[in-house]
Amino acid sequence: MKKLFACLLALMLTLSLTACSLAEQPAAVRLAALKGPTAMGLVQLLDESENGKAANSYDFLLAGSADEITPKLIQGEIDIAAVPVNLASVLYSKTNGALELVAVNALGVLYVVEKGGESIQSLADLKGKTVYATGKGSTPEYNLTYLLKSAGLDIEKDLTVEWKSEPTEVVALMKTQDQAVAMLPQPYVTVASTQVEGLRVALDLTAEWDKLDNGSRLVTAGIVVRREFAQQHPEAVEGFLKDYAASAQYVNEHVDEAAQLIEKYNIVKAAVAKKALPQCNIVCLTGEEMHSAVAGYLQVLSDLNPKAVGGQLPGEDFYYLNEKAE
């Protein structure tokens with residue numbers, strides 16, 4: 001009996017240790033993000049995951065366009081993704097609420113730049129100017145339209161916006177034209193500053209938006225999770241939010257080291273990342289702070305073009321407001 005008891009005790013101890021070991025195993029999360037500021041805040045999380053120090057283990061997809069991420073999200077092949085916040089709203093509508101927004105990870109990254117002068121000191125100074133830009137029919141156009149309207153300008157009547165398909169086209173044009181004015185996102189502003197002599201950042205559109213003090217924020221990207229995944233793996237979602245909050249803080253506070261990681265994960269070169277990071281507005285907004293910023297921003301987009309948010313504003317269940325996330 002003593003031998004049997006000892007064997008049973010040993011077996012129970014082994015099972016207990018195995019259970020503890022299994023419980024301590026990080027969840028496997030399929031994570032995706034777009035190249036550029038949308039992915040930059042994730043790099044320390046990815047590095048910690050490689051070293052077994054993150055709350056979860058992350059299988060990461062870096063995509064060149066949202067078209068690479070969207071079908072995988074819809075088909076359940078990605079669990080968490082960093083995407084443009086209006087796309088998150090569109091996908092919420094398209095999937096009948098199958099996605100939740102858990103965080104804002106980047107505020108605005110748009111800037112007005114000018115070459116060889118200091119004539120642009122406010123949005124009103126764009127009157128009568130020709131502005132080169134990208135993003136017609138998408139959020140850059142809507143953001144500019146709204147901000148110009150707030151400054152008393154009509155984008156169709158008071159200035160000329162020449163829309164180009166790629167930021168590189170805008171940079172090339174600025175090289176050849178004196179007194180050129182453009183709207184560019186980071187990190188292309190940084191790239192342009194190394195190629196266009198006399199380039200000056202005239203306006204930070206995120207700061208211009210904040211001056212309106214209307215309760216909304218200019219938001220570039222957010223992080224969505226599949227609702228089914230969040231329901232099945234709540235601890236993994238909470239673990240991700242903790243990992244991401246720490247990663248965003250690290251990226252903002254350790255720019256040199258973060259720039260090296262950004263190059264390591266093939267987002268942009270370290271030299272560009274180092275200069276661009278302070279202007280990329282990488283954040284981790286969750287809970288009510290996220291809700292307020294995004295709901296107001298989506299309302300602005302919806303007023304300009306309902307299709308920009310999926311035809312109608314998302315329901316309250318779009319916002320992941322778990323108390324632990326705040």
Can you tell me if [X] uses its side chain to pair, donor with acceptor, with the backbone of [Y] under 3.5 Å?
{"X": "Asn56", "Y": "Ala236", "answer": "yes"}
{"X": "Arg227", "Y": "Gly97", "answer": "yes"}
{"X": "Thr145", "Y": "Glu141", "answer": "yes"}
{"X": "Ser216", "Y": "Ala293", "answer": "no"}
{"X": "Asp158", "Y": "Leu153", "answer": "no"}
{"X": "Asn252", "Y": "Val283", "answer": "no"}
{"X": "Tyr244", "Y": "Ile223", "answer": "no"}
{"X": "Asp210", "Y": "Arg217", "answer": "no"}
{"X": "Arg200", "Y": "Ile120", "answer": "yes"}

Worksheet entry | Pairs satisfying side chain to side chain donor-acceptor pair (under 3.5 Å), at least one member in residues 80-92, at least two apart | Tyr92-Asp317

Worksheet item: Any ring-ring contact (aromatic ring centres under 6.0 Å, His included) pairs touching residues 249-297, not counting sequence neighbours?
Response: Trp209-Tyr297, Tyr250-His254, His291-Tyr319

Practice prompt. Using a 4.5 Å cut-off on heavy atoms from C-beta on, say whether the side chain of Glu288 contacts that of Leu321.
Written response: yes

Worksheet item: Is it true that the side chains of Asp303 and Gln299 contain a donor and an acceptor less than 3.5 Å apart?
Response: yes

Discussion item. Would you say Glu114 and Ser119 are linked by a side-chain donor-acceptor pair, where the criterion is simply a distance under 3.5 Å?
Written reply: yes

Over 12 non-hydrogen atoms of neighbours within 6.0 angstrom of [atom1] in [X]:
{"X": "Tyr132", "atom1": "OH", "answer": "yes"}
{"X": "Gln75", "atom1": "CD", "answer": "yes"}
{"X": "Lys275", "atom1": "NZ", "answer": "no"}

